[in-house]
Structures are given as C-alpha cells and as structure tokens.
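Accompanying notes for the structure given below.
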Protein chains: 2
Amino acid sequence: MTRTLSTQEKPPTPRERARAQTVADIIRLGREHLALHGAAALSLRAVARDLGVVSSAVYRYVESRDELLTLLLIDAYGELGDQVDAAVDILPEGDYRGRFLALGRAVRDWALREPSSYALLFGSPVPGYQAPAERTTGPGTRVIYRLVGIFDAAHRAGAMAAEPPSAVVIPPALARDLHAIRHELGLSVPEAVLARGVLVWTSLFGAISFEVFGQYGADTFAARDELFEHQLAVLLGIVGL
Amino acid sequence: MTRTLSTQEKPPTPRERARAQTVADIIRLGREHLALHGAAALSLRAVARDLGVVSSAVYRYVESRDELLTLLLIDAYGELGDQVDAAVDILPEGDYRGRFLALGRAVRDWALREPSSYALLFGSPVPGYQAPAERTTGPGTRVIYRLVGIFDAAHRAGAMAAEPPSAVVIPPALARDLHAIRHELGLSVPEAVLARGVLVWTSLFGAISFEVFGQYGADTFAARDELFEHQLAVLLGIVGL
DNA sequence: CAACAAATGTGAGCAGTGCTCTTGACTTGC
DNA sequence: GCAAGTCAAGAGCACTGCTCACATTTGTTG
C-alpha cells in the first residue's frame, strides 16, 4: 500500500497538482510568519499578501485561520518527530542511554531553532483555538511513544533497574491509569518504572520550556548546554537507566 | 515605611483616589477577560465597554495594551506568590518535606484555578509583548526563591543528603553559574544539590504545564491528583530530601 | 475547436482590534 | 469666580477574520 488518499487511485489532475502546490505555499509562508511573529499573531491577510493574492482568495484553500493553525501544528509535530527519529535511529538499538540522550537533545535543539513552533505545540493554547484531536493526536504522540519505546526496550533487555531506586508507593487510581497505558501500548515495563518515565517526559519538556520561554532570566545561566546535559543525566538516573 | 508611591507623603487627593480606583477597576476587569479569553485575546476596547466608557478613555489610565498586560502579569505573580507563601507558612519551619509538598501543591492548585494567568506567566510569550524586566523580575522570583530557601534551610539543618544519590559530575561552566547563584543568595547548599534543585524547579513546572496546557490528552490520566503527588514524591527523592 | 461548468481570483463590506488626536465638559485649587 | 488641570467623547487610521456577489481563468467534454 503506497497511498490511501482517495478511494480511486487516479493520477492527480493538473488542477489538483496546482491546488496542492498552492496549499503547500500557504503552509510555507505560514511557517515563516509563525517563526517571525508567533502563533497568535498569525495573519491570513499577511500570508495572502506574501502569496501575491487578495485576502479572500486564500479561503479557497484554507477553511479559516484556525485551519491554517492546525496545518502548521501538524507540520511542526511532523518535523519534530522526524528530527527525533533521525537523531535516535543513528544510534544502535541497544544503546538505550545514548538514544535517550539523543532524543532529549533533538527536542531541545529543535525547540531552540523553532521557538514559535515549539510554543505552538507545547506553550499556552492559542486563544479561541482548539486543536482537532482526531488530526493532531497521531503526530503529537510520536515523541512520547518513541521515549517509552526506548524505556521498554531497555527493560526487556534487562538494561534497566526493574525497581526504581528508593521506591515510591503508587496509589491504586494511578496504577489503573498506568496499567491501561501498559496494556494499550503492549509494554513490559512495570508500572513503577512507567510512572517515572512520565515524570522524565514532563521534566524534559519542562526544562526545555523554561529555556525557550525565557524563565531562566537573562543571565542567571550562561552554561545552558551544560545545564541541560546535567538535567538529562539526572533524568536518566530517575528512570533507572 | 508604609508606601513609597511619591516623594512627598501627602494624603491622596480625591482625584488621586478616584484615579487609583479606576486603575484598580481596569485591572479587575482585565483579570476577568484574561480568565475568560486568554492573554493574547485581551482587548482594551472590551475592558472599556465593561467599564462603561469609550475605548479611548482607558488610555488615560493605562498607557497601552502591553502596559495592562504588565499590570496583570505583576498582579498574577503576586497572587501566586501569596498563595505559595500562605501554604508554606502554615507548616513548621523544620518540616522541609511538608513545605516542599505544600509549595508544589499550591502552585498546581493556583495554576488549575487560573489557567490563563498561569499561561501568561509560564506559557509561550505573548506575541509582540516583552515583559519589562525591571518591574517583573522581583515578583517573578518569589516562588523559586522560596523553593531554594526550603532546600537551603534543610541543608543547614542537616536534613538533606549532603551529596545527592548517584552523583553526576558537574562541568566547570555550570559550576561557575551555580557558584554565582550560591554567592548571590548566600546559600549553603553544595552546588551538586543546587543543580538538582534547578531540575526539581523546572520539573515541577513542567508537570504542571503539561496538565494545564492539556498535553496529557483527554483521558490518558484520570488520576491526575495522584499522578502529581507521585511526581512530587519522586522529586523529593531527586534532591535528597 | 468551441462551449460549458467548475475552479479560482477580485473587491466591497461587516464587525472587530489598538491607538491617536481634537473637541468639549468637568473638577479642582487659588 | 476663574484659570489650570483633568477627563470622556468621538472621529479616524490601519489592521484583523471572514462573507458574498461578481468576474475571470481553466480543464474537460461534446
């Protein structure tokens, strides 16, 4: 199966080709505006100007400004996922620590390179905009699935401490959630480790968000690379890897 | 010293009183709009309508929309700081674990109660708006100062592991930053513990941000209170408390 | 090739935004 | 009582998202 865009596998007509090209141009220009001015300032009229067309014309291709935001959201999730996959895949499957570090660095590098896109994905929600779950959950779960995949593989290989250091009791309600996740994803890691994995996940993005969103202040931390590396190292220890 | 609004300590004239009241009303209405529609959708015209006045009139009291945002920012920082202080202060000074847990819960409770204010403080920056550092760094550092204060007091009292479990080497550049922080705040905690404290700080807000910003998905975690408590417990272990 | 229909671009228009400026009214202090 | 200071009003500019009637282009089909 190569493509499942439509029921019939007709080759695209010239019209369809031109239309797809225009939509691609709109997304490209939207990304530029997003990078320059941020998500909440994204203007369909400005995109139309750059496209050399009157503002109402873009509505032929994009339903609304929110629709364009959704397209940019999916685009950004895809790019982040690709970056993470590329960074992880160059390391051998058994190098669990290396793969975790590569994942963390890939996310941070991308976030620092595309702060507006990162803000769109992981920052405050854009007012009046609700991402359609049916179109964004798929691309939006690539990084976390990759992360738990690394943890699970490490656990299966016996490279991970079966019980986390200094065990913390997990209340039943939380255990139920974790059990459901384990079951749904077919994981073998015990729930206590999975819980730590969730903390590592949120902590990773917390550290990156602080840096991208300027919470560290202007000059408190000069050695940000080293700080992040240290944080990754400690997080490795948390999950027992 | 009660107030240092002006150089002379004259009692406020009726004009000044009325003016201060109007500014307070604008902030109050601004907070309502912020809570309802988010920061980027904050409209001075809408506030003016609610105030029963024409839009240009509010410019007599507030320089610009960004100025109003700054006022709301300071207001929110103050409210968060008060909540944290109140939650921490009811516990005895020597209950370091309890104080840490109280701080974390207070931040989370406030964030869930005022998600738009939380987003204004810790989410993506509002496009085109740059918070004036000279007015916001003071209120914005209350929580982290309180947090390191708890850690430092615990260390001074010998209630904290002097060396964190499973030591991670700290590179020189990062050590310099940490040393400067220690010196500036007059802390006694060793740099390795301070570094972990920074991770705990970012991880705490990472966990809260994920919850407030909806990164967990709709129904993956039903037991969010328990999840957060678990995260707090693990974070306690990270810093050796 | 010509004709037709679908797809696409145009420009006006509505309601909203931040912000500025002039004008007139009002309050305060002398 | 009057001048000075203060304030609200309203018009106006440039921008936004979005809709709609109309014109033009374009691909397909008779």
Taking the six-membered ring for Trp and the full ring for Phe, Tyr or His, determine whether the centres of B/F213 and A/F122 are under 6.0 Å apart.
-> no
Once you round it to whole Å, what is the distance between [atom2] of [N] and [atom1] of [X]?
X	N	atom1	atom2	result
B/H33	C/dG18	NE2	C1'	15 Å
B/Y129	C/dG18	OH	C1'	16 Å
A/R65	C/dG16	CZ	P	18 Å
B/L42	C/dC19	CG	P	10 Å
B/D25	D/dC7	CG	P	14 Å
B/L44	D/dC15	CG	C1'	16 Å
B/H37	C/dG16	NE2	P	13 Å
B/R45	C/dC19	CZ	C1'	8 Å

Is there a side-chain polar atom (N or O) of [X] under 4.0 Å from OP1 or OP2 of [N]?
X	N	value
B/S43	C/dG16	no
B/R19	D/dC7	yes
A/R17	D/dT26	no

Which is true for [X] with a 4.0 Å heavy-atom rule: it touches a base, it touches only sugar-phosphate, or it touches nothing?
X	answer
A/L51	nothing
A/Y61	sugar-phosphate
A/L68	nothing

Could you tell me whether the side chains of B/Y129 and B/T70 share a donor-acceptor contact shorter than 3.5 Å?
-> yes
Have A/T202 and B/Y216 got a donor and an acceptor in their side chains that come within less than 3.5 Å?
-> no
With respect to the side chain of [X], which nucleotide from [options] is positioned closest?
X	options	answer
B/V54	D/dA9, D/dC7, C/dG18	D/dA9
A/Y59	C/dC19, C/dT17, D/dG17	D/dG17
A/S55	C/dG18, D/dC18, C/dG16	D/dC18

Report yes or no: is there a donor-acceptor pair, N or O only, under 3.5 Å between the side chain of A/S56 and the base of C/dG11?
-> yes
Partner residues of A/Y61 under the ring-ring contact (aromatic ring centres under 6.0 Å, His included) criterion, sequence neighbours left out | none
Considering only NZ, NE, NH1 and NH2 on the basic side and carboxylate oxygens on the acidic side, decide whether A/E79 and A/R31 come within less than 4.0 Å.
-> yes
Could you tell me whether B/D225 and B/R108 make a salt bridge, using a distance below 4.0 angstrom between a side-chain N and a carboxylate O?
-> yes
CG of B/L68 to CG of B/L73: how many Å apart, nearest 0.5 Å?
-> 11.0 Å
Chi angles and distances behind the salt bridge (charged side-chain N to carboxylate O under 4.0 Å, His left out) call for A/D152, A/R182 = CA-CA 10 Å; A/D152 196 57; A/R182 278 188 63 192; over 6 Å; no
Quick test: give all pairs of protein nitrogen or oxygen and nucleotides 21-23 of chain D nitrogen or oxygen below 3.5 Å, distance rounded to 0.1 Å.
none

